[in-house]
Number of protein chains: 2
Amino acid sequence: MSESKIVDVARRAKVSVATVSRVLNRSEQVSEKTKQRVLKAIAEMNYTPNAMAKNLRSKRTMTLGIVVSDIEVSYYAEIIKGVENMANSLDYKIIICDAQNKQERELEYVSLLQNRTVDGMIFVTPYMTSKELIAVAEEGYSIAVIGRYIEHESIPCAFTDNVKIAKDVVNHLLEQGHERIAFLSGYADAIDSYERLEGYMKALRDAGLPFIPDLIDNGDFNESGGFRSFLRLREKNDAFTAVFAANDEMALGVYKACRELSIQIPSELAVVGVDNIRLTKYVTPKLSTVEQPKYTMGALLTEKLIDQMNHNEFSDRRVFKVDSKLLVRESSSYAIERSSNQGEANTS
Amino acid sequence: MSESKIVDVARRAKVSVATVSRVLNRSEQVSEKTKQRVLKAIAEMNYTPNAMAKNLRSKRTMTLGIVVSDIEVSYYAEIIKGVENMANSLDYKIIICDAQNKQERELEYVSLLQNRTVDGMIFVTPYMTSKELIAVAEEGYSIAVIGRYIEHESIPCAFTDNVKIAKDVVNHLLEQGHERIAFLSGYADAIDSYERLEGYMKALRDAGLPFIPDLIDNGDFNESGGFRSFLRLREKNDAFTAVFAANDEMALGVYKACRELSIQIPSELAVVGVDNIRLTKYVTPKLSTVEQPKYTMGALLTEKLIDQMNHNEFSDRRVFKVDSKLLVRESSSYAIERSSNQGEANTS
DNA sequence: AAAGATATTGTAATCGATTCCATTCAGTGA
DNA sequence: TCACTGAATGGAATCGATTACAATATCTTT
């Protein structure tokens, strides 16, 4: 047990506690020979400073919180990885807060900030409103947001352009000859859903195609929600030839439904998702999707947040609009599907 | 900003700090009317107790650490989820420690215990030796281990019987008519690898089959390692008709190699993995594997660890040997593969 | 109504570090 | 040798809570 405290070290090295503290923190202020003496005592006693006492005095915990709506979803897992690595390299630890898909739990974690358990917090949650997030920041807490733009000078944010994502997807499907494209949205009140719907509508309008409300349904960003949503969609209007799912998980739900209904992808139905989670490359046919630099957003924003916390002033650059990239794979391209299948079967 | 401290509340409610502290912690000891007065003051000032001060005084942080070798691997993600949920329900937070597949980083996290950043730690790491883990416990720190048996009264551990897992898999393959079964191990010095190899050898011996060293190779528990390992195996001895991979990730590496070499699974080669990660159900053909109750192990052990920390005595039950279950799917059963494929194509 | 028991409240020490301010020490120039 | 300067060191307050102990108020009981 690391029982020894700073006074024990001081006693052993025959110096005051102040001196021990100095060699630990600002060793340039102490003479070489006492410094060696103290270091020796520290080593002999196997002393490590008590982090709790340190925190109390310095008013910092060197810990960050990250709130995600479900750790198991690999979209979040990759962001966490980015956050964790950057945080560690800057000597911070991270506490993960899993809202477990329950909207109300997201805000609960703000208490970690209030009682000083963490120095700052990163929110990766589609449900909390901008207003709620801004309110937290205005109480004086350091927060950052991944996944959307926030109109507030003290909140760093990183996000991709959801409207562009949706337009890219829809344009791609139009190019493939699809004219009746269904949109499988996430929760209706999630910001991502809203913006992607907007892009979907814009792209249709630009192409001179009508907007048909029956071609839209709301899932819940999960596979099972996508499954149910797709079935509802078919009941309302089964004339569509392509589905744009607001994320990959829901697209997988569509896959499942198609398997049960014996609908061939992509020959009978094209499917495109968003996020480029790992699974997309393993399913058959491989799922077309949109890549977002998840790891990078996590790392970038963590660096920014820590920087801002430590300098206590808002940096010039706080808004990071990162690039997304459409990845056309087998699920939305009949040509690709056929040649690729052959390739996989015959290449040695 | 939650600037107010306990003295401010005391002043406002016209009581002493001790009284305020009492209504916060042991409210039965204070009269109803002063209690109400204090509560009112707390609410009016929006006071929250400073966790750092609390920690220092109580010598507890209500935080647990969990060390895994890679958060992105879904095997760990599910364990984390179990740990996190149980921890939260007992008012603990968890700090995740990602060793990022670097063996030397695992032990570094022990410093979190030494400096009292966490009250206890859960290790889910195949690389650290039992000796190292026991040494940590004997310094007086609370730890628990998932994934293997530890011979030490103060360390709760949960694990599946690796020997049994391997025997189940090999017996299953023998039943399918395979006689030359390759074993794709993980890191040679990981405990899991060692135990599974043992089970593999035992099952062969029991069946009266020879043990052929050329049918064994070491991967690294990752997909890419499985890929390379499989190619090496083929160079050494390509007469095998089945592969038992020490985990699913490596089995996926085998899939990849087979695709490149145009080897049909399962007709030309049967493949079985271990862990039942989510991906196994999405690949074609679906991967046979062994289910381990990951979430349950995480939750169970967390509960045990916290209980032990708080009662400061070792509980009667600290060793949890949980059941594993062989899941035969398409990759190791030609019959199942054919009917299942037909099923997927035709069922409505 | 007094004495003793019990319930309520307050004072002050404590947790283990950091750091301001004061003091001591060594070195320099006159 | 003395006064002065800057460097090195020490003493003690401080961070914000909890809690042992002491003091006071309230309630029983006779």
Side-chain angles (χ1 to χ4, degrees), chain A residues 1-39 41-42 45-63 111-119, chain B residues 1-39 41-42 45-63 91 111-119 310:
Chain A
M1 209 73 163
S2 145
E3 292 286 356
S4 55
K5 334 173 195 182
I6 199 168
V7 289
D8 303 323
V9 175
R11 208 159 5 233
R12 181 169 195 128
K14 300 203 195 309
V15 294
S16 71
V17 292
T19 301
V20 177
S21 179
R22 281 190 201 100
V23 335
L24 251 20
N25 301 295
R26 36 179 50 108
S27 64
E28 68 285 356
Q29 286 184 20
V30 26
S31 78
E32 189 58 29
K33 75 170 181 300
T34 50
K35 178 171 153 189
Q36 291 308 329
R37 199 144 39 90
V38 171
L39 253 22
I42 287 176
M45 311 183 73
N46 193 22
Y47 165 79
T48 48
N50 180 310
M52 298 183 280
K54 206 165 176 160
N55 291 345
L56 176 58
R57 188 53 223 237
S58 63
K59 294 172 181 293
R60 304 197 310 172
T61 60
M62 300 303 281
T63 309
S111 67
L112 292 186
L113 281 164
Q114 287 172 339
N115 64 27
R116 308 268 157 216
T117 302
V118 299
D119 296 341
Chain B
M1 210 73 162
S2 138
E3 292 286 356
S4 55
K5 332 175 200 184
I6 199 169
V7 288
D8 302 324
V9 175
R11 203 149 19 223
R12 180 167 194 130
K14 301 206 193 308
V15 295
S16 72
V17 292
T19 302
V20 177
S21 179
R22 282 192 200 101
V23 334
L24 252 20
N25 302 295
R26 35 178 51 107
S27 64
E28 67 285 357
Q29 287 186 17
V30 28
S31 77
E32 188 59 28
K33 72 171 183 295
T34 51
K35 178 171 154 190
Q36 291 308 328
R37 200 143 39 92
V38 171
L39 253 22
I42 288 176
M45 311 183 73
N46 194 20
Y47 164 79
T48 50
N50 181 310
M52 298 183 282
K54 206 165 174 158
N55 291 345
L56 175 58
R57 185 57 221 237
S58 63
K59 294 172 181 291
R60 305 198 308 172
T61 60
M62 301 302 280
T63 310
D91 278 322
S111 67
L112 292 186
L113 281 166
Q114 288 172 337
N115 64 28
R116 311 269 157 211
T117 303
V118 299
D119 296 342
N310 292 336

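- Under 4.0 angstrom from either OP1 or OP2 of dG10(C) there lies at least one side-chain N or O belonging to Thr19(B).
- Residue order along DNA chain C, read from the 5' end via each residue's closest nucleotide, puts Gln29(B) first among Ala53(B) and Gln29(B).
- Atom-to-atom, CE of Met52(B) to P of dT18(C) comes out at 14 Å; the value is rounded to the nearest Å.
- Contact annotation for Asn25(A): backbone-only contact, meaning every heavy-atom pair under 4.0 Å involves sugar-phosphate atoms and none involves a base.
- Distance CG (Leu56(B)) to C1' (dT18(C)): 13 Å, rounded to an integer number of Å.
- Direction of the helix axis in the helix from dA1(C)-dT30(D) to dA30(C)-dT1(D) shifts by 50° between the two five-pair termini, rounded to 10°.
- Side-chain atoms of Ser58(B) come within 3.5 Å of backbone N or O of Lys54(B) as a donor-acceptor pair.
- Across all non-hydrogen atoms, the minimal contact from Ala10(A) to Val17(A) is CB-N, 3.8 Å.
- A distance of 13.5 Å separates CZ of Arg116(B) from CG of Asn55(A), quoted to the nearest 0.5 Å.
- Remark: the backbone N or O of Ser4(B) is not paired with any side-chain donor or acceptor of Asp8(B) at under 3.5 angstrom.
- Ser21(A) comes within 4.0 angstrom of a nucleotide base, judged by non-hydrogen atoms across all strands.
- Checking dT11(C), dT14(C), dA17(C) against every side-chain atom of Arg57(B), the shortest atom distance belongs to dT14(C).
- Between atom CG of residue Leu24(A) and atom NZ of residue Lys35(A) there is a gap of 11.5 Å, rounded to the nearest 0.5 Å.
- Atom NZ of Lys5(A) is separated from atom P of dT14(C) by 10 Å (rounded to the nearest Å).
- Here the closest non-hydrogen pair linking Gln29(B) and Arg22(B) is OE1-CD, 4.0 Å.
- A side-chain N or O of Asp119(A) and one of Thr61(A) form a donor-acceptor pair less than 3.5 Å apart.
- Residue Lys59(A) contributes atom NZ, which lies 12 Å from atom P of dT19(C) at whole-angstrom precision.
- Using a 4.0 Å heavy-atom distance criterion, Arg60(B) is classed as making no nucleic acid contact.
- Checking side-chain atoms of Arg37(A) against main-chain N and O of Ala13(A) turns up a donor-acceptor pair under 3.5 Å.
- At least one side-chain heavy atom of Arg12(A) sits under 4.5 Å from a side-chain heavy atom of Met45(A).
- Nucleic acid contact for Val7(A): none, since no nucleic acid atom lies under 4.0 Å from a heavy atom of the residue.
- Side-chain contact check for Arg60(B) and Asn310(B): at least one donor-acceptor pair (N or O, by modelled atom type) lies under 3.5 Å.
- For the side-chain contact (heavy atoms from CB on, under 4.5 Å) test with Val20(A), the passing option among Val30(A), Leu39(A), Val38(A) is Val38(A); the others fail.
- With a cutoff of under 4.0 Å to any heavy atom of chain B, the contacted region of DNA chain D is bounded 5' to 3' by dG16(D) to dA20(D).
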Sugar-phosphate or base contact per nucleotide [nucleotides 20-26 of chain C; S, B, -; heavy atom under 4.0 Å]: B------
